[in-house]
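What follows is a short report on a single structure.
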Amino acid sequence: MLKEYRSVSEIVGPLMLIENVEGVTYYELAEIEMKDGSIRRGRVLEVDGDKALVQVFEGTTGLNVSESKVRFLGHGIELPVSMDMLGRVFDGLGRPRDNGPRIIPEQRRDIEGLPLNPYARDYPSEFIQTGISTIDGLNTLVRGQKLPIFSGSGLPHNNLAAQIARQAKVLGTDSKFAIVFAAMGITFEEADFFINDFRKTGSIERSVLFINLADDPAIERVATPRMALTAAEYLAYDKGMHVLVILTDMTNYAEALREISAARKEVPGRRGYPGYLYTDLATLYERAGRIRGLEGSITQIPILTMPEDDKTHPIPDLTGYITEGQIILSRSLHRKGIYPPVDALPSLSRLKDKGIGKDKTREDHSDVLNQLYAAYARGKEAEELAAILGEAALSDADKLFAKFANEFEARFVNQGINEDRSIIDTLTIGWDLLKMLPRAELKRIRDEYLDKYLPAEEE
């Protein structure tokens, strides 16, 4: 029998202070019974002696200090897990929102999880094909990696997230592949878009969706990515699946963290975010990876919108420190009508070299990647020079590279929203583009690959 407390002493915003408590622990769940018998749930944010500070999930509107009863449940937020989760849509706290039945769990898991032992980690090395040339060809995603997408307000990151979710696959393996998708602080229209897209394309069958809407409580938003990662850990490490976790939008998550921090009257850090933002983000991102001796893996693609497109904002800045690269979306490419508007030059996958090459993608991949990157960079420099000095100031070679840069954006970066390119398709487009340049300029590709792949395309 749970002990019942009637010692609520203060209610401020979403917070409730209960006095004279015993044995209450940090992050423990609480039930608050109102005068009319209805139940609200909360989580312990702070314990100080015999006082416990509880954040109420549904908010404190209508709660009465003298007539509320509080019971502490003796455990944190738990997610019921089973293989029946696949194909289902849940809210931010793991409750079905698709009108389906509740999950009959194999077990219940604390959503805080446990950090992976660094010694037990296996190094990421297997290529994941997303079907998107700028990722597969230039910023290759590797199984077990954390590769965030840095976007801006109004850019098509939601379309890109849905496209990756339906197209992603691990090549050369018979292992099962699953998607765990968590959306935080999104509008009803965005939620409808994601759910309909997953159902229409059939990718819902291998997916678990957690949807937290913009009008849902902040405390639920903080729990949503942890729900998703707990489901992913079960599918990966218990069931041996390759799991791709897509988290969008991490900016909304950080805003919720700031809101809770302000309610607790904590001393703010950069731009008002709590000083522990880096640590908190790390507890999410570091739950990706492979464990030596286990079949499954967790690969993460967090998506965040940079306020004012500022890469130095605390959220993208700290995310960049923790993760292994970033895919950056460009507003100027978006204005040109290019989808996906991935800016190839500042984008980076620090583990790309581990997932490409012979027996993984193709032996010429690394050389083609480096040559495309170098030629595009030179072409963009030529474009900038022409904008300042006029096109007459460009050499013939500069004009050729400027033309290459335009073709690169139009043919390599730009692709259809439902276009699923294999890595061979991507490399073929790359070689077609390199045909525009004199062989003498292709200094980053070995002669053996030039002989093998270039003449075959020449007239």
Notebook entry, point to check: Does the side chain of L235 come within less than 4.5 Å of K176's, by heavy atoms?
Noted result: no
Margin query: Tell me whether the rings of F412 and F408 are parallel (<30°), tilted (30 to 60°) or perpendicular (>60°).
Written below: parallel
Notebook entry, point to check: If you measure from CG on L442 to CG on L372, what distance do you get to the nearest 0.5 Å?
Noted result: 9.5 Å
Margin query: Donor-acceptor check, side chain of D367 to backbone of R446, threshold 3.5 angstrom: yes or no?
Written below: yes
Item checked: Face-on cation placement of R226 at F210 ring, 6.0 Å and 45° thresholds -> no
Item checked: Donor-acceptor contact present, side-chain D91 to main-chain I211, <3.5 Å -> no
Checklist line | Flag if over 12 foreign heavy atoms under 6.0 Å of OH, Y321 | finding: no
Check: For I424, does the CD1 atom sit with more than 12 other heavy atoms under 6.0 Å from it, leaving out its own atoms?
Finding: yes
Note to self: Evaluate D317 against R271 for salt bridge (charged side-chain N to carboxylate O under 4.0 Å, His left out), listing each step before the verdict.
What the structure shows: CA-CA 12 Å; D317 187 32; R271 307 238 188 149; over 6 Å; no
Item checked: Pair H313 and F150, ring centroids less than 6.0 Å apart -> no
Next item on the list: Look at E266 together with R264 and state whether they make a salt bridge at an N to O cut-off of under 4.0 Å.
Entry: yes
Margin query: Is it true that, when you exclude F188 itself, more than 12 heavy atoms of the residues, nucleotides or ligands shown sit nearer than 6.0 Å to its CZ?
Written below: no
Checklist line | Plane angle bin for F194 and F181 - parallel if under 30°, tilted between 30 and 60°, otherwise perpendicular | finding: tilted
Note to self: Check this for me: R292, atom CZ, are more than 12 non-hydrogen atoms of other residues, nucleotides or ligands nearer than 6.0 Å?
What the structure shows: yes
Margin query: Once salt bridge (charged side-chain N to carboxylate O under 4.0 Å, His left out) is applied, what residue pairs with a partner in residues 193-204 remain, sequence neighbours excluded?
Written below: R166-D197
Next item on the list: Report yes or no: is the cationic atom of R221 (NZ for Lys, CZ for Arg) closer than 6.0 Å to the six-membered ring centre of Y253, at no more than 45° off its axis?
Entry: no
Note to self: I'd like to check L284 versus M250 (side-chain heavy atoms, cut-off strictly below 4.5 Å). Are they in contact?
What the structure shows: yes
Item checked: More than 12 heavy atoms of other groups within 6.0 Å of R444 CZ -> no
Note to self: Apply salt bridge (charged side-chain N to carboxylate O under 4.0 Å, His left out) to residues D343 and K336 and explain how you reach the verdict.
What the structure shows: CA-CA 13 Å; D343 194 343; K336 290 181 184 178; over 6 Å; no
Next item on the list: Starting at CG of L86, measure out to CD1 of I179 and round the result to the nearest 0.5 Å.
Entry: 10.5 Å
